[in-house]
Amino acid sequence: MTSALRPLASVVGLVAAALLVAGCTAGPGSETPTSSPVPSAGAIDDQNDVEGALLDDGRMFAVVTWGSSTCVPQVDQVEAQGQTVTVTLVDPDGTDKACTADLAPRASLGALPEGVDPKTDITLNVTYGDIVDDVDLDGDPAAGGTPGSSTEYLPSAGWYDDGGLVLLTWGSSSCPPLVESLEGSGNAGTATFVTDDTQVCTMDMAPRATMLAFGDDAVEDDGTFTLTLVGGGLDGTVEVR
């Protein structure tokens, strides 16, 4: 039986759910995007790789691709047949807008369709332009959320690679979290965010994806990892399984 994804806005009720990853223009007061240094050969080899993570206690997922960090693909269509979820990504609207020329991992957020069991393994069949790839997500036996149910708006995080996390937070779509520093070792890490009380933000409540890269051998991603959030109105801890 095939089930189609309800719009992400319906998953979070009547709260606006404009994704952090939807825009690629420079914000007010920002400098015009400029070219970044040429990426390393290893990064170029990875640019067609697709990774993923389970988020929001099993209600949502992230698809991680490589490209401009300021023009993140959007989840366009999602359908499920059993534990196989078909995901189509598209570039953000406004192809005439400038994107930075860096090559970075970026996360596209989507909601799992009803009927998918987050406690068992999930396969994401991802199509993004000419890129077609499968992503295997490990089920989370401790997941307390049900796809299609209302979120609790709590931070969550999932591993997408060795030492790499996708952090999901909720807040104004126009004021995404900005990482000031990141440190970690063993099964614990701390992400410190910029706090700017003078910033004017929209009053929506949207899911925001933030990439956190500790490094391949810096932390242990087996078992439970405790991520401490400091500053930016995000103070607290997240248990990553």
Side-chain angles (χ1 to χ4, degrees), residues 8-9 11-21 51-62 64 69 72 105-112 118-119 137-147 149-215 218-241:
L8 182 59
V11 177
V12 298
L14 297 179
V15 181
L19 297 180
L20 156 68
V21 298
E51 304 293 346
L54 192 64
L55 299 168
D56 199 26
D57 210 15
R59 299 178 184 88
M60 297 180 64
F61 65 88
V64 178
S69 60
V72 183
R106 64 268 171 96
S108 306
L109 299 175
L112 286 173
K119 295 183 179 181
L137 299 182
D138 293 334
D140 181 3
T146 302
S149 65
S150 297
T151 182
E152 296 178 350
Y153 302 104
L154 298 175
S156 60
W159 299 106
Y160 72 90
D161 201 359
D162 293 340
L165 281 173
V166 179
L167 172 66
L168 169 68
T169 59
W170 299 85
S172 172
S173 60
S174 65
C175 294
L178 298 176
V179 178
E180 184 175 272
S181 64
L182 184 66
E183 57 184 19
S185 63
N187 59 359
T190 300
T192 301
F193 299 90
V194 174
T195 299
D196 184 0
D197 295 331
T198 65
Q199 193 173 16
V200 178
C201 304
T202 55
M203 295 298 292
D204 58 337
M205 179 69 77
R208 296 95 54 93
T210 304
M211 310 302 293
L212 302 177
F214 290 97
V219 296
E220 298 175 5
D221 49 21
D222 293 329
T224 300
F225 182 85
T226 300
L227 176 65
T228 300
L229 309 180
V230 179
L234 300 173
D235 297 81
T237 58
V238 176
E239 299 297 319
V240 187
R241 298 182 291 269

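If you read the sequence from its start, that first residue is 1, and numbering goes on from there. Nothing here was measured: the structure is a model prediction, and the numbers come from that model.
- Note that CG of Leu178 and CD of Gln199 are 7.0 Å apart. Values are rounded to the nearest 0.5 Å.
- Residue pairs that meet the salt bridge (charged side-chain N to carboxylate O under 4.0 Å, His left out) test with at least one member in residues 218-231, sequence neighbours left out, do not exist here.
- Side-chain atoms of Arg208 and Thr169 form a donor-acceptor pair, as typed in the model, at a separation below 3.5 Å.
- For Ser156, there are no side chain to side chain donor-acceptor pair (under 3.5 Å) partners two or more places apart in sequence or in a different chain.
- The ring pair (Phe, Tyr, Trp, His ring centres under 6.0 Å) contacts involving residues 174-199 comprise nothing, where partners must be two or more places apart or lie in separate chains.
- Smallest separation of non-hydrogen atoms from Tyr160 and Leu165: CE2-N, 3.5 Å.
- Taking all atoms of both residues into account, the shortest heavy-atom contact from Val219 to Gly184 is CG1-C, 3.6 Å.
- Applying the ring pair (Phe, Tyr, Trp, His ring centres under 6.0 Å) test to Phe214 and every residue at least two apart in sequence or in another chain returns Phe225.
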Per-pair distances, 0.1 Å, donor-acceptor, side chain in residues 232-241, under 3.5 Å, sequence neighbours excluded:
from: Asp235; atom 1: OD2; to: Gly231; atom 2: N; distance (Å): 3.2
from: Glu239; atom 1: OE1; to: Thr226; atom 2: OG1; distance (Å): 3.1
from: Glu239; atom 1: OE2; to: Thr226; atom 2: OG1; distance (Å): 3.3
from: Arg241; atom 1: NE; to: Asp140; atom 2: OD1; distance (Å): 3.0
from: Arg241; atom 1: NE; to: Asp140; atom 2: OD2; distance (Å): 2.9
from: Arg241; atom 1: NH2; to: Asp140; atom 2: OD2; distance (Å): 2.6

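- Counting heavy atoms from C-beta outward, Arg59 and Ser149 have side chains that approach closer than 4.5 Å.
- Scanning both residues, Ala107 and Val72, for their nearest heavy atoms gives O-CG1, 3.5 Å.
- Here salt bridge (charged side-chain N to carboxylate O under 4.0 Å, His left out) pairs that include residues 160-189, with residues two or more places apart or in two chains, number zero.
- Minimum heavy-atom separation, Pro147 to Gly58: CG-O, 3.6 Å.
- At a threshold of 4.5 Å between non-hydrogen side-chain atoms, the residues Leu168 and Val166 do not count as touching.
- When all heavy atoms of Ser173 and Asp204 are compared, the closest pair comes out as OG-OD2, 2.5 Å.
- Taking CG from Asp138 and CH2 from Trp159, the interatomic distance works out to 13.5 Å, rounded to the nearest 0.5 Å.
- Rounded to the nearest 0.5 Å, atoms CG (Leu227) and CG (Leu212) are 6.0 Å apart.
- For the atom pair Leu55 CG and Leu112 CG, the distance stands at 9.0 Å (nearest 0.5 Å).
- In this structure Ser174 satisfies the side chain to side chain donor-acceptor pair (under 3.5 Å) test together with Ser172, Thr202, sequence neighbours excluded.
- Taking the side chain as every heavy atom from C-beta outward, Pro176 and Thr210 never approach each other to under 4.5 Å.
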